[in-house]
Structures are given as structure tokens and as C-alpha cells.
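The structure under discussion appears below in the form of C-alpha cells.
Atoms considered below: every heavy atom in the structure, side chains included; atoms not considered: hydrogens, waters and symmetry mates. The first residue of the sequence shown is numbered 1, and numbering continues consecutively from there.
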Amino acid sequence: QVQLVESGGGLVQAGGSLRLSCAASGRTFSTYGMGWFRQAPGKEREAVAAINWSLGSTYYTESVKGRFTISGDNAKNTVYLQMNNLKPEDTAVYYCAAKSRKLGVVLVYPLAVGAQYDYWGQGTQVTVSS
């Protein structure tokens with residue numbers, strides 16, 4: 001079984017920074033890409049940032065462009081989210097997700113669609129105070 005474990009959440013003042021990390025453990029697998037999603041109280045889950053390793057493509061939701069950066073290590077199935085200039089509206093539970101790869105198959109898929117991902121972490125709380 002595959003597990004994704006997030007870390008790095010916490011409480012920070014507006015304008016501050018946090019770095020989220022997500023590491024996969026369990027059986028050996030490879031991924032097309034990984035992403036970060038978030039869900040605030042009373043709101044639907046939304047894609048924040050995602051990356052397709054093989055195509056080198058990334059996605060950022062409009063509200064975080066220029067403030068958040070996704071990076072990672074494909075070989076280690078590890079992904080990070082550097083969050084700078086945090087705002088109170090960034091407060092949410094942040095989830096890591098991974099799309100399992102089929103060897104020998106190149107795949108283009110919508111990075112921001114949660115249903116595309118096969119594995120999810122348990123979430124880490126990010127709270128930004130004003």
C-alpha cells in the first residue's frame with residue numbers, strides 16, 4: 001500500500017512563509033506527477049499547484065501565482081510547496097496527491113482535477129492570521 005505523508009503546516013502571520021513537504025512510503029511505485037490541493041471550511045476542495053514530472057508542466061491556481069512554488073524529486077516521489085506572502089484566505093487543510101504511473105505510457109492529464117489522482121495524504125492544517 002502507498003501512503004503520502006504531509007508535513008510543514010502550522011500557524012503563521014499574514015506575509016509569512018511556510019514550506020509543505022509530502023513524501024510517499026510503502027510499496028514501490030512511480031508517478032506521472034504530484035500536486036497540492038486545499039479545502040477551507042465550508043468550501044470545496046481546490047487545486048493549488050501541481051506538477052507533471054515527465055512533461056515538465058506545472059499548474060498554479062490564479063490566487064497563488066507569484067507566491068507559491070511547487071517542486072520535488074520524481075525519483076523519491078517527494079513534492080514540496082513553498083508558500084510565501086501568505087494571506088488569511090490561504091487558510092485551509094492542504095492535501096498532497098499523486099498520480100500513479102504506468103510504465104512505458106506517456107500521459108497528458110488535467111493537473112488540477114482531483115479525480116485524476118490515485119493517492120492522497122491525510123492533510124496538514126495551514127492557518128494564516130491577519
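Applying the salt bridge (Lys or Arg N to Asp or Glu O under 4.0 Å) test to pairs two or more places apart or on separate chains, none has a residue in residues 4-27. Applying the salt bridge (Lys or Arg N to Asp or Glu O under 4.0 Å) test to every pair with at least one member in residues 94-119, sequence neighbours left out, gives no pairs at all. Within the structure, salt bridge (Lys or Arg N to Asp or Glu O under 4.0 Å) pairs that include any residue of residues 51-66 comprise Glu62-Lys65 (at least two apart or interchain).
Rounded to the nearest 0.5 Å, atoms NZ (Lys87) and OG (Ser130) are 13.5 Å apart. To the nearest 0.5 Å, the span separating CZ on Phe68 from OG1 on Thr61 amounts to 10.0 Å. A distance of 8.5 Å separates CD in Gln122 from CG in Leu4, rounded to the nearest 0.5 Å. Here the CD atom belonging to Gln1 is positioned 10.0 Å from the OG atom belonging to Ser25, to the nearest 0.5 angstrom. For the atom pair CD (Gln116) and CG (Leu107), the distance works out to 7.0 Å, reported to the nearest 0.5 Å. Rounded to the nearest 0.5 angstrom, Ser21 OG and Leu81 CG are separated by 9.5 Å.
Applying side chain to side chain contact (heavy atoms under 4.5 Å, CB included) to Leu111 and the options Tyr59, Tyr32, Tyr60 leaves one that passes, Tyr59.
You'll find the side chain of Leu20 stays beyond 4.5 Å of the side chain of Tyr95, heavy atoms only. Side chains of Asn74 and Met34 form no contact here, defined as non-hydrogen atoms less than 4.5 Å apart. Looking at heavy atoms from C-beta onward, Val126 lies in side-chain contact with Val128 at the 4.5 angstrom threshold. Using a 4.5 Å cut-off on side-chain heavy atoms (C-beta onward), Cys96 and Trp36 make contact. In this structure, the side chains of Ser71 and Gln82 stay at 4.5 Å or more apart for every pair of heavy atoms.
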Requested in this report: Please report the C-alpha distance between Gln125 and Thr91 in whole Å, then the side-chain angles of each, then the deciding distance to 0.1 Å, and finally whether the side chain to side chain contact (heavy atoms under 4.5 Å, CB included) criterion is met.
Outcome: CA-CA 8 Å; Gln125 177 69 47; Thr91 295; 4.0 Å; yes

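Nearest heavy-atom pair, Tyr117 versus Gly33, reported as atom, atom and distance to 0.1 Å: CE2-O, 4.3 Å. The minimum heavy-atom distance linking Thr31 with Trp53 is given by the pair OG1-NE1, 2.9 Å.
Taking Arg38 as the reference, Glu46, Asp90 meet the salt bridge (Lys or Arg N to Asp or Glu O under 4.0 Å) condition, with sequence neighbours excluded. For the side-chain hydrogen bond (donor to acceptor under 3.5 Å, both in side chains) test, no residue two or more places apart in sequence or in another chain qualifies with Glu89. Residues satisfying the ring-ring contact (aromatic ring centres under 6.0 Å, His included) test with Phe29, not counting sequence neighbours, are Tyr119.
The hydrophobic cluster containing Leu18 also contains Ile70, counting ILVMFWY residues as joined when their side-chain heavy atoms lie under 4.5 angstrom apart, directly or transitively. Following chains of ILVMFWY side-chain contacts shorter than 4.5 Å, one can reach Trp120 starting from Tyr109, so the two form part of one hydrophobic cluster. Cluster annotation: Met83 and Val79 are assigned to the same hydrophobic cluster (Ile/Leu/Val/Met/Phe/Trp/Tyr, side-chain heavy-atom contacts under 4.5 Å, transitive). Taking hydrophobic clusters as Ile, Leu, Val, Met, Phe, Trp and Tyr residues chained together by side-chain heavy-atom distances below 4.5 Å, Tyr80 does not share a cluster with Val5.
A donor-acceptor pair is defined here as one N or O able to donate and one able to accept, closer than 3.5 Å; no such pair exists between the side chain of Ser57 and the backbone of Leu55.
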